[in-house]
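Quick notes on the structure that follows.
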Amino acid sequence: MANKKISVKAIIGIIIAILFIIFAFANWDSVRVSIIFMHFNAPLVFIILGSAIMGSLITLAFKKFRKNK
């Protein structure tokens, strides 16, 4: 069996992800969301997780763009 080491960066990332998920799921209250001319109610947990996913995707896109440049 290969000796695999987990980096400190990976461990910190996992800890931050777990804390973020706990924080997100602790916020089940429904909130009113306004986007330009649209208004709707949604659980805050979905807004938090959706924002995190969008931020991650944008970050990955910029990293890929800089790597190709």
Side-chain angles (χ1 to χ4, degrees):
M1 189 168 188
N3 186 9
K4 294 184 180 183
K5 292 185 178 180
I6 298 176
S7 70
V8 173
K9 194 175 185 180
I11 293 171
I12 292 172
I14 291 168
I15 291 170
I16 290 173
I18 290 169
L19 291 173
F20 180 79
I21 291 169
I22 291 169
F23 170 76
F25 280 99
N27 290 289
W28 276 106
D29 297 336
S30 183
V31 294
R32 184 170 171 86
V33 180
S34 299
I35 301 175
I36 304 175
F37 297 111
M38 298 180 345
H39 307 285
F40 58 93
N41 290 329
L44 187 56
V45 65
F46 294 141
I47 305 303
I48 293 170
L49 292 175
S51 298
I53 291 169
M54 292 295 288
S56 297
L57 291 175
I58 291 170
T59 301
L60 288 173
F62 276 114
K63 280 185 179 181
K64 189 165 228 158
F65 175 73
R66 290 180 88 195
K67 193 175 192 180
N68 290 337
K69 195 171 181 183

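- A side chain to side chain contact (heavy atoms under 4.5 Å, CB included) with Ile15 holds for exactly one of Ile12, Ile18, Leu19; it is Leu19.
- Leu57 and Ile16 are members of different hydrophobic clusters when ILVMFWY side chains are connected at heavy-atom separations under 4.5 Å.
- Taking CG of Leu44 as the start and CZ of Phe23 as the end, the distance is 7.0 Å to the nearest 0.5 Å.
- Annotation for Ile35 and Phe40: closest pair CD1-CE2, 4.1 Å, computed over non-hydrogen atoms.
- Atom CG in Asn27 sits 10.0 Å away from atom CG in Leu49 (nearest 0.5 Å).
- When every heavy atom of Ala24 is checked against every heavy atom of Ile48, the shortest pair comes out as CB-CG2, 3.9 Å.
- Taking CD1 from Ile14 and NZ from Lys9, the interatomic distance works out to 13.0 Å, rounded to the nearest 0.5 Å.
- Under the 4.5 Å side-chain heavy-atom criterion for grouping Ile, Leu, Val, Met, Phe, Trp and Tyr, Ile36 is connected to Ile47 within one hydrophobic cluster.
- Of all heavy-atom pairs between Phe20 and Ala52, the closest is CZ-CB, 3.4 Å.
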